[in-house]
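Reviewing the structure listed below.
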Amino acid sequence: GAGVSQSPSNKVTEKGKDVELRCDPISGHTALYWYRQSLGQGLEFLIYFQGNSAPDKSGLPSDRFSAERTGGSVSTLTIQRTQQEDSAVYLCASSLASGGRAETQYFGPGTRLLVL
Amino acid sequence: AQSVTQLGSHVSVSEGALVLLRCNYSSSVPPYLFWYVQYPNQGLQLLLKYTSAATLVKGINGFEAEFKKSETSFHLTKPSAHMSDAAEYFCAVNNYGQNFVFGPGTRLSVLP
């Protein structure tokens with residue numbers, strides 16, 4: 001694919017329901033990031049994958065949040081028992097390799113989550 | 001700990017005027033610094049980055065930024081604003097590993 005894709009683009013759910021957000025990174029990119037963007041806020045780091053491993057889960061806000069990556073490609077962010085404060089835009093980004101500090105991240109368009 | 005501040009959540013300029021978006025960072029080690037732009041309903045894309053080479057960095061669409069260690073700043077400028085520059089701009093810092101910290105963003109409006 002040409003870029004990072006995310007699905008769904010919009011999700012409306014009821015409080016207490018579980019949601020799954022999907023990210024398809026650029027082919028060949030080994031690093032994958034999840035961020036949360038709340039209204040008027042910057043990007044809040046959630047989790048980072050190198051291949052299928054997540055060496056840094058420090059940003060996950062609670063144990064209701066989890067993420068996995070399979071085959072070094074697609075990643076799913078799951079939010080269990082959603083709360084209204086989970087409403088935000090969830091952004092996924094990928095980068096070519098580890099190496100870290102100078103990496104350019106390529107972002108998807110985001111999933112806009114609204115919890116009623 | 002590293003952090004990024006962006007002075008002014010919203011900046012308005014006239015078309016053709018100078019664009020100046022401010023970014024200050026805190027870092028205990030030499031940082032790597034980035035500016036990303038987010039157009040409406042699109043993902044973020046990289047404008048430019050500083051990785052300890054030249055302190056004046058040129059990016060896409062006529063933007064540039066200057067790293068000033070003494071001021072812990074990495075302000076973004078463009079000599080002449082265009083209507084298509086209207087977007088949200090994010091400054092980010094990376095001090096170590098994969099830990100990218102983004103600022104809160106500055107929304108740029110360009111007035112005709």
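A quick note: this is a predicted structure, and the numbers were derived from the prediction, not measured. Below, chain A is the first sequence line, B the second, and so on; all start at residue 1.
Aromatic pair A:Y33/A:F107: ring centres not closer than 6.0 Å.
Contact of the A:Y90 side chain with the A:I79 side chain is registered, since non-hydrogen atoms from C-beta on lie closer than 4.5 Å. A:R69 has its side chain within reach of A:P25: a pair of non-hydrogen atoms, C-beta onward, lies under 4.5 Å apart.
With rounding to the nearest 0.5 angstrom, the CG atom of A:L96 is 12.5 Å from the CD atom of A:Q105.
A salt bridge between A:R64 and A:D86 is present, with a side-chain N of the basic residue lying under 4.0 Å from a carboxylate O of the acidic one. Ion pair A:D18/A:R81 not flagged as a salt bridge, since none of the NZ, NE, NH1 or NH2 atoms sits closer than 4.0 Å to an Asp/Glu carboxylate oxygen.
Applying ring-ring contact (aromatic ring centres under 6.0 Å, His included) to B:F34 and the options B:F100, B:F102, B:Y89 leaves one that passes, B:F100.
Closest approach of A:R36 and A:F65 over heavy atoms only: NH1-CZ, 3.6 Å.
Neither the backbone nor the side chain of B:Y50 comes within contact range of chain A; no heavy atoms are under 4.5 Å apart. Interface residue A:L43: backbone and side-chain heavy atoms are both found under 4.5 Å from chain B. In this structure, chain A has a heavy atom under 4.5 Å from the side chain of B:Q38, while its backbone stays farther away.
At a heavy-atom separation below 4.5 angstrom, chain B is approached by no residue within residues 4-14 of chain A. Taking 4.5 Å as the heavy-atom cut-off, the residues of residues 104-112 of chain B that approach chain A are B:P104, ordered by number.
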I'd like a table of donor-acceptor pairs (distance under 3.5 Å, sequence neighbours excluded) in which one partner is a side-chain atom from residues 66-74 of chain B, with atom names and distances.
none

In a table with atom names and distances, give each donor-acceptor pair under 3.5 Å that connects a side chain of residues 11-18 of chain B to protein atoms at least two apart or in another chain.
none

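Both B:V37 and B:W35 sit in one connected hydrophobic cluster of ILVMFWY residues. Membership requires side-chain heavy atoms under 4.5 Å apart, directly or through other members.
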